[in-house]
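Within every chain, numbering begins at 1; the chains are lettered A, B, ... in the order of the sequence lines, protein sequences first and strands thereafter.
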Amino acid sequence: MAAMSAEAATLPAERLELERVRDGLVLKLKGAWRLTEGVASPQGLFERDELAAKPDRLKVDASALAAWDSALIVFLLDLKKGCDGAGIPLDLSGLPDGARRLVDLALAVPEREGARRSDRIAGFVETLGREVQGALKSAGEMLEFLGESLIALARAATGRARFRMSDMYLVLQECGPGALPIATLISFLVGVILGFVGLVQLAQFGADIFVANLVAVAMVREMGGMMVGIIMAGRTGAAFAAQLGTMNVNDEIAAFRTVGIPPVEFLVLPRMLALIFAIPLLTIYANVVGMLGGSAVTIALSDVSLLQYYTQTVGSVDLVDWASGLFKATIYGVIIAISGCLRGMQCKKSAAAVGDAATSAVVTAIVLIIVAEAVLTVIYQVLGI
Amino acid sequence: MTEQQATVSADLEPPGTTSAPSAEAPIVVEDVTMAFGDFVVQRGLNFTVKRGDVFIIMGGSGCGKSTVMRALIGMQAPAEGRVWFEGQNLWEIDETARQLLLQRCGVVFQSGGIWSSMTLAENIGLTLGEYTDLKPKEILEVARLKLALVGLAGFEDYYPSEISGGMQRRAGVARALALDPEILFFDEPSAGLDPISSRRLDELILELRDSLGATIIVVTHELASIFTIASNSVVLDPDTKTQIATGDPKWLREHSDNRAVREFLNRGEET
Ligand SMILES: Nc1ncnc2c1ncn2[C@@H]1O[C@H](COP(=O)(O)OP(=O)(O)OP(=O)(O)O)[C@@H](O)[C@H]1O
Ligand SMILES: [Mg+2]
């Protein structure tokens, strides 16, 4: 009530009229009360002397009412609330039958206590606090889920995990060969960009040939895995979240629990294993395509020949570089599987929630991939790899 | 043991008992409160499901029927109180023991819960493969039988998306029957079904009780179903957030001293 604005409080005099009668007050409704004319608020009425004097009753008279729809009902419900608050008995018997029935219907089920969500706007500090709490809770859940998944993975390694191989092949098919076209395009372009930037700089020193080193090292150690990770987060992570989210909505995950099959083993494990297989392979492929991209620019824009570029590339990265890059990529695979599956399993029970789960899975995965990349780079540095 | 038997013969456990009620009653709910965080859904629940009962958990929409059922099938711990399942405190025993108990029951979810990435035969076969040493061919045979029991003979190789909602519900029943459960739970089995299908499902429920000797717990607010199948019930109330009656619904309809119960059973929901 307090939120009622000032202009809503003024009631058009031509649409209603207060009249004093022997046993109280009569509120006469006139003309059309329709949504097209706006919704009137009775707030102003209660400030008038006639009502402030607490009449014995307030009778609504609709004999002059020309037309009505929900606008009238909203007004009457507000009026009823106001009258109840002021302790004035309200007599609605003069209303058209339909209107009276609608009012009764609206009042039939009392508002559930605590059902209405508060529409108060939280202050900055409160919002910040809630966000931090939420982030901490979410990090905790993530760690817990990671733990469960790793236990499941360990069980799989000892052959005791329960899942269907056919599920894993299906996911493998979808996230491996299915991702080749986009992986080709993106990594070729990344190679081209690296090559171009490198060439512009190195040509100033006449060191064109070292573009091959730059592209090879950058692709193999960092960019190949990261690009594949980001592509897979968008393609596969989102798909995992949507699949598991829909399963949650349909009680399928609950059904796994009741028959004693842990959903983490049956649903998460095949997806995680498929990504652990697929991502390193895709990364090797992406690295090679990226080097091709780099060579294309270099050959086109400088005097370096394909053979020179090839020889230089082969000499610039060794097995350790490849292994360290592929290890990172495998970690990204685990991250993508975990975030996709976790968000799917946390999904609330609605269609919109499935969409949110997919979005959140992608965001979580990309953020974690970048963080993991940074952490691993530092660790490699320290270890001298 | 005889002493405990005596306590169970009463319909309600006296509150505060901590000794296990006898296994004569597969499920005894004692002073249970169900809540989501601070939001209490139902409190002070006390009821006993006897062997061979078709026990109805009823009440208006949103009063917490599904939530209470979740406590009985090991999916959500009660905020307070105890659930005795075959004489064991379901929420105090460890996870493995709980799983072992729950293997003896089958659950049919409100929205079917049938696994969408598997054929109907695989849905039924999965648990069989999990808990028995049957060969794939034998599993298929059993799956065929279960599907035939619910009138879905010949649909072994269909995916859930290829059959109607009512058929999915029945497939859910077939899956719940996979391990020949002693206790079967149904959450709103006839919601969204036409009167004839829902009638058939009711008949199926009675049939299952009689042929398998199963104890059946049904969450529903369909009066027609309630009067056809129920032998005992608990009525949950959304306003007082507790149970307002226990007993045979046919008896409660006429004789309950609670007006809300009589109204619910005579006219259906007042929402
Ligand atoms: N995950 C949840 N978190 C918070 N509150 C919930 C959650 N699920 C249900 N509730 C609340 O618990 C109450 C009971 O829900 P429940 O699903 O058990 O009702 P129900 O009796 O089964 O209703 P219906 O007949 O419509 O299926 C509802 O008021 C709902 O608001
Ligand atoms: Mg329900």
J.: Return the CG to OG distance between A:L267 and B:S117, rounded to the nearest 0.5 Å.
T.: 7.5 Å
J.: Does a sphere of radius 6.0 Å around CD in B:E95 hold more than 12 heavy atoms from other residues, nucleotides or ligands, not counting ones at 6.0 Å or beyond?
T.: yes
J.: Is there side-chain contact between A:T258 and B:M75, with heavy atoms separated by less than 4.5 Å?
T.: yes
J.: What heavy-atom pair brings B:M118 and A:R164 nearest, and what distance separates the two atoms?
T.: CG-NH2, 3.3 Å
J.: For B:R175, is it the side chain, the backbone, both or neither that has a heavy atom under 4.5 Å from a heavy atom of chain A?
T.: side chain
J.: Around atom CG of B:D94, are there more than 12 heavy atoms of other residues, nucleotides or ligands at under 6.0 Å?
T.: yes
J.: What I'd like to find out is whether the side chain of B:L126 reaches to under 4.5 Å of the side chain of A:F266, using heavy atoms alone.
T.: yes
J.: Identify which part of B:Y131 has an atom lying under 4.5 Å from any heavy atom of chain A, answering side chain, backbone, both or neither.
T.: side chain
J.: Hey, which of B:L102, B:I114, B:L179 has the most heavy atom pairs under 4.5 Å with chain A?
T.: B:I114
J.: In this structure, are over 12 heavy atoms from other groups packed under 6.0 Å from B:R43 atom CZ?
T.: no
J.: Assess whether atom NZ of A:K348 is packed by more than 12 heavy atoms of other residues, nucleotides or ligands within 6.0 Å.
T.: no
J.: Backbone N or O of B:S116 within a donor-acceptor pair of the A:E252 side chain at under 3.5 Å?
T.: yes
J.: Given a strict heavy-atom distance threshold of 4.5 Å, which part of B:E122 is in contact with chain A: side chain, backbone, both, or neither?
T.: side chain
J.: With rounding to the nearest 0.5 angstrom, report the CH2 to CD1 distance, B:W115 to A:I253.
T.: 11.5 Å
J.: Considering non-hydrogen atoms only, spot the tightest contact between B:G113 and A:A255 and give its length.
T.: O-CB, 3.5 Å
J.: Taking side chain as everything from C-beta outward and backbone as N, CA, C, O, which of these in A:F256 sits under 4.5 Å from a heavy atom of chain B? Side chain, backbone, both or neither.
T.: both
J.: Let me know if B:E130 has heavy atoms under 4.5 Å from chain A in its side chain, its backbone, both or neither.
T.: side chain
